[in-house]
Structure formats: C-alpha cells, structure tokens
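Taking it in order: structure first as structure tokens, then the write-up.
Sequence positions, counted from 1, serve as the residue numbers for this chain. Both backbone and side-chain heavy atoms feed into the values below; hydrogens, waters and symmetry mates do not.
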Amino acid sequence: MPRLAPLKLEDAPDLADSFTAAEEMMGFTPNDGLIMARRPDITKALGALVAAIYAPGKVDNGLKRLIGEATSKAAGCVYCTAHAAHGAHRAGVPTEKIDAVWSYQESPLFTDAERAAIRVAMGAGVSPNAVTDEDFEALKAHYDDDAIVEIVSVIAMFGFLNRWNSTLATELEATPAAFLKHLRP
C-alpha cells in the first residue's frame with residue numbers, strides 16, 4: 001500500500017503538459033509523478049531532467065533504459081525496475097535481453113561495452129557505492145567522457161527515483177506491471 005496517495009490528474013492542472021509528456025514517453029501516467037505533484041516545481045524539474053537524460057546523445061536510449069533497470073535491480077526498487085524494463089521494451093530492446101540484465105556478465109546478448117556500463121550501474125546502485133577503479137577503466141575502454149556523463153546521469157537519476165519510490169512504496173501502474181509478467185521471476 002502506498003504511503004502517500006497519488007493525486008488525480010485534475011488536481012494538478014498546472015502540470016498537464018508535464019503529464020502529457022510523461023504519458024507520451026512512458027505509455028501511462030506515472031504514480032510517482034502524481035505523488036510528487038504536490039510540489040509542482042519538483043515535478044517540473046524532474047521532468048526536465050528526465051527529458052535531458054533521455055534526449056538523443058552518444059549512448060543508445062535502449063542501453064540507457066537497461067542501465068536504469070540494472071541500477072534499480074541493484075537498489076532493490078521494483079517500481080523503477082519495472083519502469084526501466086518497460087521503457088527498454090518501448091525503446092526496442094528485445095524482451096530476452098531485458099530479462100537477462102541480472103546475468104549480463106555471462107549472457108551472449110550483451111556486448112563488452114554494454115557489460116561495462118551495466119557493471120558500473122549495478123555497482124552504483126548499491127549503498128555504499130561498489131564501483132571500482134577497474135570497473136571505471138573498463139567503461140573508459142568503450143566510452144568517451146561525454147558518453148560516460150550520460151551513463152552516470154541515468155544512474156544518478158535512478159538513484160533519486162529508487163529512493164523516492166522505495167520510501168513511498170509507490171504503487172506500480174498496470175502497464176509496467178503487465179510487462180513484468182513477461183519476464184523471469
């Protein structure tokens with residue numbers, strides 16, 4: 001049961017554009033945003049951050065979603081894991097690959113570059129941070145500094161969202177919940 005109830009869309013008319021953008025990006029209206037809507041300035045700022053992080057850059061959007069999934073799995077946030085996995089699916093990542101994130105090191109579905117990014121995401125998703133210098137050197141072998149900033153931005157954004165949603169026990173929406181049923185338990 002959520003610790004705070006989401007507002008209804010009609011209770012946040014100043015955020016209509018923000019929620020329209022979220023629905024276009026995600027395919028549903030996120031409950032965490034409806035809870036956050038009690039502070040429209042934070043909702044708008046987070047929306048701008050999400051848009052900037054998922055804007056086209058040097059890192060493929062599907063990989064960005066897998067990085068979010070890995071960070072959230074490591075943090076133990078089911079809500080964000082489901083959102084990131086569903087987002088990866090919407091970005092065209094095959095379900096088998098989304099399902100294999102937890103076993104990325106052995107899976108032939110991942111490139112060495114993807115493994116390096118996911119390894120950093122997994123290490124950064126736990127507290128205290130478990131990213132090693134060796135993990136970061138492996139990341140640098142595949143990505144330039146600009147791409148690394150994109151990767152770490154995804155990780156940091158999900159750090160905020162993992163804490164937000166785990167603390168508030170945000171209720172998972174029907175769309176990502178249904179997608180989770182396609183993945184291994």
Side-chain angles (χ1 to χ4, degrees), residues 1-57 59-99 101-102 118 121 124-125 150-185:
M1 177 166 192
R3 294 183 173 131
L4 290 178
L7 297 178
K8 292 180 172 52
L9 283 172
E10 57 267 17
D11 294 333
D14 294 349
L15 296 171
D17 291 344
S18 296
F19 285 113
T20 297
E23 187 158 348
E24 287 173 4
M25 177 186 280
M26 302 168 79
F28 58 92
T29 301
N31 284 332
D32 59 352
L34 290 169
I35 294 170
M36 194 179 296
R38 289 171 172 80
R39 285 292 310 271
D41 53 335
I42 297 173
T43 305
K44 289 177 184 175
L46 181 60
L49 180 65
V50 170
I53 288 172
Y54 286 134
V59 179
D60 173 74
N61 200 14
L63 178 56
K64 287 179 185 180
R65 302 303 179 127
L66 293 175
I67 290 166
E69 180 188 1
T71 302
S72 299
K73 279 183 182 284
C77 181
V78 174
Y79 182 89
C80 292
T81 298
H83 277 222
H86 179 258
H89 176 71
R90 286 179 56 93
V93 178
T95 302
E96 298 78 25
K97 192 169 188 172
I98 296 165
D99 202 30
V101 164
W102 210 235
I118 292 170
E150 288 182 39
I151 290 166
V152 175
S153 294
V154 173
I155 294 166
M157 175 183 69
F158 273 95
F160 172 83
L161 291 169
N162 292 160
R163 297 298 181 262
W164 178 272
N165 291 298
S166 293
T167 301
L168 293 173
T170 307
E171 185 176 356
L172 187 58
E173 305 82 6
T175 301
F179 182 73
L180 274 185
K181 291 180 183 178
H182 296 291
L183 301 178
R184 280 185 278 161

Closest heavy-atom contact between [X] and [Y]?
X: Ala5; Y: Arg38; answer: O-NH2, 2.8 Å
X: Ile155; Y: Ala124; answer: CG2-CB, 3.4 Å
X: Ala12; Y: Phe19; answer: CB-CE1, 4.4 Å
X: Ser153; Y: Ile53; answer: O-CD1, 3.5 Å

Inset, instruction - Evaluate whether atom CG of Asp17 has more than 12 neighbouring non-hydrogen atoms of other residues, nucleotides or ligands under 6.0 angstrom away. - result: no
Inset, instruction - Check each of Thr43, Leu7, Leu15, Leu4 against Met36 using the side chain to side chain contact (heavy atoms under 4.5 Å, CB included) test, and report the only one that passes. - result: Thr43
Inset, instruction - Please name the residue in the list Asp60, Val154, Val101 that meets the side chain to side chain contact (heavy atoms under 4.5 Å, CB included) test with Leu66. - result: Val101
Inset, instruction - Kindly indicate whether the side chain of His86, heavy atoms from C-beta on, has any atom under 4.5 Å from the side chain of Thr175. - result: yes
Legend entry - Flag side-chain contact, heavy atom, 4.5 Å: Leu180 against Leu172: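 Side-chain contact under 4.5 Å: yes.
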Inset, instruction - Please assess His182 against Ile98 for the test side-chain contact (heavy atoms from CB on, under 4.5 Å), listing each intermediate value before the final yes or no. - result: CA-CA 10 Å; His182 296 291; Ile98 296 165; over 6 Å; no
Expected list for residues 68-80: side-chain donor-acceptor pairs under 3.5 angstrom, two or more places apart:
| unit_1 | atom_1 | unit_2 | atom_2 | d |
| --- | --- | --- | --- | --- |
| Thr71 | OG1 | Ile67 | O | 2.9 |
| Ser72 | OG | Gly68 | O | 2.9 |
| Ser72 | OG | Asn162 | ND2 | 2.9 |
| Tyr79 | OH | Asn31 | N | 3.3 |
| Tyr79 | OH | Asp32 | N | 3.1 |
| Tyr79 | OH | Asp32 | OD1 | 3.4 |
| Tyr79 | OH | His83 | NE2 | 3.3 |
| Tyr79 | OH | Glu173 | OE2 | 2.5 |

Nearest 0.5 angstrom please: [X] [atom1] to [Y] [atom2], how far?
X: Leu168; Y: Ile35; atom1: CG; atom2: CD1; answer: 5.5 Å
X: Leu34; Y: Thr170; atom1: CG; atom2: OG1; answer: 10.5 Å
X: Ile42; Y: Phe160; atom1: CD1; atom2: CZ; answer: 7.0 Å

Legend entry - Any donor-acceptor pair under 3.5 Å from Asp99 side chain to Thr95 backbone: no
Inset, instruction - Verify, without hydrogens or angle tests, whether Arg65 (side chain) and His89 (backbone) share a donor-acceptor contact under 3.5 angstrom. - result: no
